[in-house]
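Before any comments, here is the structure.
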Amino acid sequence: SQEGKGTLFDVSLPRAMPEEGQEITPSWTAMGLESIQEGTVAVLIDDDSEVLNSLALLLKDWGFDVVTAQNMLEAFDALRGTSKVPSVIVSDHRLKGGGTGVAAVKSLRQAFGAPIPGVIVTGDTSSDRLREVTESGFKLLYKPVRTSELRAAVAAIMRDGGDLAG
């Protein structure tokens, strides 16, 4: 690991067989995220391809159809021609080229004409930048984000249907 960079640990355990008649509960329902219906779209925007790919795998594991982009224009290109409204947008706050996650979520909401829930992820602690996210009403998470935090945030905004100030 490098100074100033987060570290990710993964723990694997052998599966235990459920007792007879015991129902297996998927991990996302245990954290409050209802079973994801087939075809539910999540948009991920991050200019760090490793973060983007990791988040995509995670959300696919939760049952989402995932659209990935490194900036707002790529997101529009990836969604062009679809009439399916994304159910959630997760974006890094500071994107290359001067764009922000807040602007990306707002633009996608406007393009689809729907209050798509947004989660903004940042490592930035600048009060001006944080004020922009807080005033947007989107859920704010600080890096490094734990899986359980992201899952809980996505569950809450999807359940509540839109804005959830962080």
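Residues take their numbers from the sequence shown, with the count starting at 1.
Side-chain contact between Thr40 and Trp62 is absent, with no heavy-atom pair separated by less than 4.5 Å. Two residues are said to be in side-chain contact when any heavy atoms from C-beta on lie closer than 4.5 Å; Thr68 and Leu55 fail this criterion. Counting heavy atoms from C-beta outward, Phe138 and Val90 have side chains that stay 4.5 Å or more apart.
Applying the side chain to side chain contact (heavy atoms under 4.5 Å, CB included) test to Leu130 and every residue at least two apart in sequence or in another chain returns Thr122, Leu140, Tyr142. In this structure, Asp46 has no side chain to side chain donor-acceptor pair (under 3.5 Å) partners at least two apart in sequence or on a different chain. Partners of Asp65 by side chain to side chain donor-acceptor pair (under 3.5 Å), not counting sequence neighbours: none found. Considering only residues two or more places apart in sequence or on other chains, Thr100 meets the side chain to side chain contact (heavy atoms under 4.5 Å, CB included) condition with His93, Val102, Ala103, Glu132. Considering only residues two or more places apart in sequence or on other chains, Arg146 meets the side chain to side chain donor-acceptor pair (under 3.5 Å) condition with none of them.
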query: Can Gln70 and Leu52 be said to form a side chain to side chain contact (heavy atoms under 4.5 Å, CB included), step by step?
result: CA-CA 8 Å; Gln70 291 194 325; Leu52 190 62; 4.0 Å; yes
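Judged purely by atom type and a 3.5 angstrom limit, Asn53 uses its side chain to pair as donor or acceptor with the backbone of Ser49. Proximity of a side-chain donor or acceptor of Lys84 to a complementary backbone N or O of Gly39 within less than 3.5 Å is detected.
Residue pairs satisfying the salt bridge (charged side-chain N to carboxylate O under 4.0 Å, His left out) criterion with at least one member in residues 89-102, sequence neighbours excluded, are listed as follows: Asp92-Lys143, Arg94-Asp124. Within the structure, the salt bridge (charged side-chain N to carboxylate O under 4.0 Å, His left out) test picks out no pair touching residues 47-59 (sequence neighbours left out). Note on residues 71-81: pairs passing side-chain hydrogen bond (donor to acceptor under 3.5 Å, both in side chains), not counting sequence neighbours, are Asp77-Arg80.
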